[in-house]
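Working notes, structure below.
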Amino acid sequence: MKRILLSLTLLCLTLAAGAKQPKWTTIRNGQLWLTDSGDTVQAHAPGFIHEDGRWYMVGEDRSHPWNPDVNLYSSTDLQHWRFERKIIENGVTDPRLGHSRMIERAKLLKNPRTGRYVVWCHWESKNYGASEAACFEAEKVNGPYRLVWSGRPLDTKSRDCNVFVDTDGQAYFVSTTNENQDLGLFTLSDDYLSATRHTLLFPGDRREAPVIVHVGDRYFMLSSACTGWAPNQCKYAYSNDLHAGWSPLIDVGDKLAYRTQAAAVLEIRGTKQTTYLYVGDRWMDPTLPETKTIIFPISFHGNECRMHYCDQFEINFKTGEWRK
């Protein structure tokens, strides 16, 4: 009997110790993502918010390559995805979508002041002559979303784009301007529904796919050159001020950004450390609908940015640690 009790005690202690062990999630790159129902995830050029323990991801549904809808998915570990719904749909959300207008690079925000969800995107014509942006709003993350505004922000031609929310809640829309020659930083209104200020950045450098991250007292911006679907050298710049003082562009990663183009940088704030994850699109791999989403760690120290590409790595979302 004593032996049995001792064995049961040891078993309970082992189970208890195992329950306390941190959970590691394996992230593998180069494969198509599937939903929990087995469907292909269609969320190219994705944007993210994190809320109540879940990541919400919006992106282009390229199953109809040249007239993408905008899909919303959610996940707790960036690997197992649940399809929420189409939040912006051709011919449904707006009659122009799928006809005279298409959407690219939809990005999701939540406004802490209003509690509403906002999507900013590139709102374009088939010949890329419109050069406009648009914003949509909803009371719930999975919609329904309504078109609030479309046009050229502050009368500025706008194409490839992203959004950024600073630590004080101030939101920004950043896009390629002046026929892809420059980048424009647009300060958004308190409700996130309109642009109130335009700051010209990197004039003449022909950069697109901008991603901004705030680490300590530094801002970093990643971007790529304008080479269509083909990958190219990712570069970054840093500054203490979003509106001025940006450094020259600096190469980061390999010459093709590991065959990706930047879409987002996610902050994993854990109990032991904060890890940043680069999210990029591996376009036309091998076709547009089969474009892959690639995730790997990226780090920022002082003025330096470094990419840590891995075909496979593990991350602990509770502690913030990662390992190859």
Task: Side-chain (Y56) to main-chain (L72) donor-acceptor, under 3.5 angstrom - done: no

Task: Passing candidate, side-chain hydrogen bond (donor to acceptor under 3.5 Å, both in side chains) with E208, options R105, R159, Q261 - done: Q261

Open item on the list: Check whether Q233 reaches the backbone of V252 with its side chain - one donor and one acceptor, N or O, closer than 3.5 Å.
Closed with: yes

TODO: Look only at the side chain of Q170 and the backbone of L188, and say whether a donor-acceptor pair between them is shorter than 3.5 Å.
DONE: yes

- [ ] Compare all side-chain heavy atoms of L34 with those of D39 and state whether any distance is below 4.5 angstrom.
- [x] no

Task: Main-chain N/O of K157 paired to N178 side chain as donor or acceptor, under 3.5 Å - done: no

- [ ] Please check if L109 and V148 belong to a single hydrophobic cluster, counting links between Ile, Leu, Val, Met, Phe, Trp and Tyr side chain heavy atoms closer than 4.5 Å.
- [x] yes

Task: Atom pair CG/NE2 of L185 and H198 - distance to nearest 0.5 Å - done: 8.0 Å

Open item on the list: Would you say that more than 12 heavy atoms from the other residues, nucleotides or ligands in this model lie under 6.0 Å from the CZ of R306, or not?
Closed with: no

Task: Minimal non-hydrogen separation, S299 against H308, with atom names - done: OG-NE2, 2.7 Å

Open item on the list: Atom NE2 of residue position H64 - does it have more than 12 heavy atoms of other residues, nucleotides or ligands inside 6.0 Å?
Closed with: no

TODO: Could you tell me whether a side-chain N or O of S158 sits under 3.5 Å from a main-chain N or O of R152, the two making a donor and an acceptor?
DONE: no

Task: Side chain S247, main chain Y238, donor-acceptor under 3.5 Å - done: yes

- [ ] Any pair with a residue in residues 216-233 that passes salt bridge (charged side-chain N to carboxylate O under 4.0 Å, His left out), sequence neighbours left out, goes on the list, sorted by first then second residue, please.
- [x] none

Open item on the list: With side chain to side chain contact (heavy atoms under 4.5 Å, CB included) as the criterion, how do R96 and L147 come out once you've worked through the C-alpha distance, each side chain's angles and the decisive distance to 0.1 Å?
Closed with: CA-CA 11 Å; R96 290 168 291 179; L147 178 65; 3.3 Å; yes

Task: Value rounded to 0.5 Å, distance of OG1 in T176 from CG in L183 - done: 7.0 Å

- [ ] Spell out, as yes or no, whether a donor-acceptor pair under 3.5 Å connects the side chain of S189 to the backbone of S194.
- [x] yes

TODO: Answer whether the closest heavy-atom distance between the side chains of I27 and Q79 falls below 4.5 Å.
DONE: yes

Open item on the list: Determine whether T76 and F317 satisfy the following criterion, side chain to side chain contact (heavy atoms under 4.5 Å, CB included), listing intermediate values before the conclusion.
Closed with: CA-CA 9 Å; T76 58; F317 286 99; over 6 Å; no

Task: Positive for side-chain contact (heavy atoms from CB on, under 4.5 Å) with H243, one of L200, L201, T187 - done: T187

TODO: In sequence, state the C-alpha distance, the side-chain angles, and the governing distance for R101 and S125, and then conclude on side chain to side chain contact (heavy atoms under 4.5 Å, CB included).
DONE: CA-CA 5 Å; R101 288 292 185 271; S125 57; 3.7 Å; yes

Open item on the list: Students often mix this up, so state it plainly: with edges at 30° and 60°, are the rings of W322 and F313 parallel, tilted or perpendicular?
Closed with: perpendicular

Task: Expected output: side-chain N162 to main-chain P210 donor-acceptor under 3.5 Å - done: yes

Open item on the list: If hydrophobic clusters are built from ILVMFWY residues whose side chains come within less than 4.5 Å, do W55 and Y117 share one?
Closed with: no

TODO: Take Y309 and T260, measure what side-chain hydrogen bond (donor to acceptor under 3.5 Å, both in side chains) needs, and give me the verdict at the end.
DONE: CA-CA 11 Å; Y309 177 77; T260 71; over 6 Å; no

Open item on the list: Main chain of A45, side chain of D281: is a donor-acceptor contact present, judged purely on distance under 3.5 Å?
Closed with: yes

Open item on the list: Quick check on D155: does its CG atom have over 12 non-hydrogen neighbours (other residues, nucleotides or ligands) under 6.0 Å away?
Closed with: no

Open item on the list: Quick check: is F48 connected to V70 through a chain of hydrophobic side chains (ILVMFWY, heavy atoms under 4.5 Å apart)?
Closed with: no

Task: Any L78 side-chain heavy atom under 4.5 Å of I315 side chain - done: no

Task: Shortest non-hydrogen contact between V141 and I87, atoms and distance - done: O-CG2, 4.4 Å

TODO: Might you point out which heavy atoms bring Q42 and Y73 nearest each other, and give the distance in Å?
DONE: N-OH, 2.9 Å

Open item on the list: Is the shortest side-chain heavy-atom distance between F136 and I103 below 4.5 Å?
Closed with: yes

Task: Passing option when W120 is tested against Y172, F164, F186, F173 for ring pair (Phe, Tyr, Trp, His ring centres under 6.0 Å) - done: F173

- [ ] Please report the C-alpha distance between N90 and D69 in whole Å, then the side-chain angles of each, then the deciding distance to 0.1 Å, and finally whether the side-chain hydrogen bond (donor to acceptor under 3.5 Å, both in side chains) criterion is met.
- [x] CA-CA 6 Å; N90 287 312; D69 296 324; 2.9 Å; yes

Open item on the list: Side-chain heavy atoms nearer than 4.5 Å, only ILVMFWY residues, links allowed to pass through others: does that put L277 and V58 together?
Closed with: no

- [ ] Consider only side-chain N and O atoms of S239 and D241, and report whether a donor and an acceptor are under 3.5 Å apart.
- [x] no

Open item on the list: As an exercise, state the distance from OH of Y192 to CG of N111, rounded to the nearest 0.5 Å.
Closed with: 4.5 Å

Open item on the list: Please report the interatomic distance CG(D311) to NZ(K324), rounded to the nearest 0.5 Å.
Closed with: 10.0 Å

Open item on the list: Donor-acceptor pair, distance only, cut-off 3.5 Å: does the side chain of K23 make one with the backbone of N316?
Closed with: no

TODO: Quick one: pull up CD in E132 and CH2 in W149 and give me the separation to the nearest 0.5 Å.
DONE: 7.5 Å

Task: Co-membership, hydrophobic cluster, residues L249 and Y236, 4.5 Å side-chain - done: no

Open item on the list: Looking at every non-hydrogen atom in both residues, tell me the closest pair between A263 and K107 and how far apart they are.
Closed with: O-NZ, 3.2 Å

Open item on the list: Quick check: closest heavy atoms across W283 and L288, and the distance to 0.1 Å?
Closed with: CE3-CD1, 3.6 Å

Open item on the list: So, taking the atom named SG in C305 and the one named OH in Y276, what distance separates them when rounded to the nearest 0.5 Å?
Closed with: 11.5 Å

Open item on the list: T227 vs N232, test: side-chain hydrogen bond (donor to acceptor under 3.5 Å, both in side chains). Steps then yes/no.
Closed with: CA-CA 7 Å; T227 56; N232 58 69; 2.7 Å; yes

Task: Contact list for residues 47-62, test salt bridge (charged side-chain N to carboxylate O under 4.0 Å, His left out), sequence neighbours left out - done: E51-K110, E60-R62, D61-K86, R62-E104

TODO: For side chain to side chain contact (heavy atoms under 4.5 Å, CB included), just list the numbers for L108 and V119, CA-CA rounded to whole Å, side-chain angles, deciding distance to a tenth of an Å, and then say yes or no.
DONE: CA-CA 5 Å; L108 181 62; V119 169; 3.8 Å; yes

Task: For E84 against S74, the heavy-atom pair lying closest together - done: OE2-OG, 2.7 Å

Open item on the list: Could you go through T35 and S37, starting from their C-alpha distance and side-chain angles, then the distance that decides it, and tell me whether this counts as side-chain hydrogen bond (donor to acceptor under 3.5 Å, both in side chains)?
Closed with: CA-CA 5 Å; T35 67; S37 58; 3.0 Å; yes

